[in-house]
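Heads up, the thing below is written out as structure tokens.
Treat the numbers as computed from the prediction; the structure is a model and nothing was measured. Here is how names work: the chains are called A, B, and so on, in the same order as the sequence lines, proteins then strands, and each is numbered from 1.
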Amino acid sequence: MPSAGRKTVLRALLRDPMAALGLGLVTLFVAMALFAPWIAPADPIRLNVVEKFQPPSLAHLAGTDQLGRDLLSRIIYGARTALSIAITAVGLAGLAGLVLGMIAGFGPRWLDGLLVLLFDSLSSLPMIMFALAVITVMGPGTGTLILVVVLVSIPAYARLIRAQTLALAGADFIVAERAMGASGARILLRHMLPNVVGPLVILLSMDIPVVIMLEAGLSYLNLGVRPPTPSWGNILYDGYTSLRAAPYMVMIAGLPLVLSTLGFTFLGEGLRDALDPRLQGRGAR
Amino acid sequence: MLRYAIKRIALAVVILVTVMLAMYAMVFLVPGDPASLALGPRATPELKALLRERMGLDEPILWQVWHFFRSALTGDLGYDVWSKRPVLDQILEFFPNTLILGVAALGWALALGIALGAAAVVWRDTWADRLLGVVSVGLISVPAFVVAIYAILIFAVWLRWLPAIGAGTPGDPASQIRALILPAFALGVGWVGYLARLVRASLLEVMGENHIRTARAFGLPETRVVLRYGLRVAIIPTIALLAVGLGSILSSAVFVETVFGRPGIGTLITGAVQKRNYPVVMGTVLFMTAFYLFIVTAADLLIARLDPRVRDAFRR
């Protein structure tokens, strides 16, 4: 990351109102995820059929669902599901992309060619179709979801890292380092790594909302997180099936999805502008 | 040009074959056989054996792979034992619905996206430009299926203006169009923001060029310069992107189609995934991937034909 210290980045983010809003929303959702057991007013999976379809009230601020479960608690725990999956998946994909991209950029040419072909094939698949194929084989679940995200995201990350590595390989300080007899591993880890990681982090942060959407979408189709684990997607599905009986369920369940994806996108854009204006125009989609 | 075309087409074919092989490999790497998974735990061994035979699972693996490739090339994507119909028939029955939805969604998104992008450039660096920027990002980041559900709630359940589910009555175009409005709206929303940003960026680039300076020097009003002389050039990269857009919008239509219970590729494949109906899943994925590769490659070739710089930049 070019010299910008942490304080300057934060200041730049706060100066941009949309980025500040994004930061606020993201903080809110991260706090929800981290402190779910302490904030949630009730157990998110305990059934209480007597109290089913209760509209929002003081006892249940967001009402209850078709099984009498407290909706607000399910949404709070849903933040935990959404964020833990998004962060794990994007993190693993970033790591794999980093390693593969550096290998492609720094390794022998035949390996580079092979990896590039692999990235091209993976990224030319329609993502949702590929996800559904993997789910058919592996069966739905959190692990499958993470695997899908990792597989479809690697190409973009690896390409970015490969391009950065290639660009750096000719830089004076790397040539000098090589002339002094530094090993390949030393050059990669000590000199390349710190220089290629910055743009990757920005790209990763911009992909988090994409993963949140994918998780919710697949869980909505009952192909993602398995019930009774609360996910914003399966909460929305429950709401959709009782659209006429309890329209408040859908209205409330859609909000965290909209607000969190908005928050992460605004924050990602702000981060990008603050850290690396060169990347402008990338991201989302 | 010919060399470029051959290279580009060869790449698409290699990718398609890699995808087919990878999909096949996945099926065999995973424990459990599709027939018992499909029939559930209470199936009798005889029933399983029968289904295995019908699905061709009792043949040696390599033979199955070869068989799959050979028949796929002749347009035979296998037989669906559940619906007792060839896979390709089902795909061809559902695909037009999805295509209509995708084209409608992309169409209105394109019209509005160009208008918003051009407006942002006419009013550049004012509060209106900034507002449009924020709105675009907002539209991009809202999930289509959430828009779909809200749209059903508002326009179908509360206002009762439009139907909530289905694709209309066959043979009745009016009902089919009414059934198309909400899904196309939900699916296109994200693209409005995306296209508005793209048009704005490419217009701003064009606005620095000589012919724009000349137009300004003649004293033409700025709005006219942007709309008449800028947009005409700036629209080219947008059109190029539409091919990729159509390919990806068709597969992301899955969620919207399911929410609206609209017959299409999305409903076909999600149903098949839930039943672990391998032939239908693999056939659909293959068909959609091939379609996607086809339009992306065709668009690339068309652009290369129009703009030699692209062709020269292609190195591998």
Side-chain angles (χ1 to χ4, degrees), chain A residues 17-18 21 113 116-118 120-140 209-210 212-214 216-218 220-223 232-233 236-237 239-240 243-244 247 250-251 253-255 257-258 260-266 268-269 280-281 283-285, chain B residues 11-12 14-16 18-19 22-23 26-27 29-30 32 37 133-134 137-138 140-146 149-150 152-153 157-158 164 190 193-194 197-198 201 247-248 250-255 258-259 265-266 269-270 272-274 276-278 281-282 284-285 288-289 291-293 296 316:
Chain A
M18 290 340 273
L21 176 69
V116 168
L117 180 67
L118 192 72
D120 278 351
S121 320
L122 263 177
S123 59
S124 60
L125 283 170
M127 174 166 104
I128 311 287
M129 289 295 143
F130 177 71
L132 292 172
V134 176
I135 291 167
T136 317
V137 175
M138 311 273 298
V210 179
I212 292 180
M213 280 195 246
L214 185 69
L218 290 172
Y220 177 91
L221 298 178
N222 200 12
L223 295 173
W232 293 337
L236 254 178
Y237 180 76
Y240 176 73
L243 197 61
R244 282 162 214 275
V250 154
M251 286 159 64
L255 284 182
L257 255 176
V258 172
S260 65
T261 47
L262 271 182
F264 274 103
T265 309
F266 283 139
E269 301 246 322
Q280 225 151 55
R285 215 179 284 259
Chain B
L11 183 70
V14 169
I15 289 172
L16 196 59
T18 319
V19 167
M23 268 172 30
M26 275 194 328
V27 177
L29 281 176
V30 171
L37 285 170
V134 172
V137 178
I140 294 173
S141 56
V142 176
F145 75 102
V146 178
I149 294 176
Y150 280 140
I152 290 185
L153 184 67
V157 176
W158 286 345
Y194 187 53
R197 283 180 82 163
L198 195 81
S248 75
L250 289 184
S251 70
S252 52
V254 168
F255 299 120
T258 317
V259 171
I265 292 293
I269 195 172
T270 41
V273 173
Q274 271 149 357
R276 288 207 155 189
N277 187 345
Y278 282 83
V281 175
M282 291 175 70
T284 316
V285 171
M288 295 303 280
T289 310
F291 182 78
Y292 180 75
L293 283 172
V296 171
R316 197 164 295 277

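Looking at Leu118(A), neither its backbone nor its side chain comes within 4.5 Å of chain B, counting heavy atoms on both sides. Using a 4.5 Å cut-off between heavy atoms, Val134(B) touches chain A through backbone and side chain atoms alike. With a 4.5 angstrom heavy-atom cutoff, Val254(B) touches chain A only via side-chain atoms. At a 4.5 Å heavy-atom cutoff, the contact between Leu262(A) and chain B is made by backbone and side-chain atoms alike. Only the side chain of Ile265(B) comes within contact range of chain A, with heavy atoms under 4.5 Å apart. Heavy atoms of Met213(A) lying under 4.5 Å from chain B belong to its backbone as well as its side chain. At a 4.5 Å heavy-atom cutoff, the contact between Pro247(A) and chain B is made by backbone and side-chain atoms alike. Of the two parts of Leu21(A), neither the backbone nor the side chain holds a non-hydrogen atom closer than 4.5 Å to a non-hydrogen atom of chain B.
The side-chain heavy atoms of Phe130(A) and Val285(B), taken from C-beta on, include no pair separated by under 4.5 Å. The side-chain heavy atoms of Thr261(A) and Pro143(B), taken from C-beta on, include a pair separated by under 4.5 Å. With a 4.5 Å cut-off on side-chain heavy atoms, Val210(A) and Leu214(A) do not count as touching. Counting heavy atoms from C-beta outward, Trp232(A) and Ser260(A) have side chains that approach closer than 4.5 Å. Under the 4.5 Å side-chain criterion, counting only non-hydrogen atoms from C-beta, Val137(B) is in contact with Phe266(A). Looking at Thr265(A) and Ile140(B), their side chains never come closer than 4.5 Å, going by heavy atoms from C-beta outward.
Per-residue counts of heavy-atom pairs under 4.5 Å with chain A were compared for Leu198(B), Val259(B), Leu250(B), Thr270(B); the largest is that of Val259(B). Between chain A and the residues Val146(B), Thr284(B), Val296(B), the most heavy-atom pairs under 4.5 angstrom are made by Val146(B). With chain A as partner, the option from Ile149(B), Leu16(B), Ile269(B), Leu293(B) having the largest number of non-hydrogen pairs under 4.5 angstrom is Ile149(B). Contacts with chain B were tallied for Ile135(A), Leu236(A), Ile212(A); Leu236(A) has the most, counting heavy-atom pairs under 4.5 Å. Listed options Leu257(A), Val258(A), Val250(A) were ranked by heavy-atom pairs under 4.5 angstrom with chain B; first place goes to Val250(A).
Atom CG of Leu221(A) sits about 5.0 Å away from atom OG1 of Thr258(B), to the nearest 0.5 Å.
For Phe291(B), the CZ atom is densely surrounded, since the number of other residues' heavy atoms within 6.0 Å is greater than 12.
The six-membered or imidazole ring of Tyr220(A) lies near that of Phe145(B), with a centre-to-centre distance under 6.0 Å.
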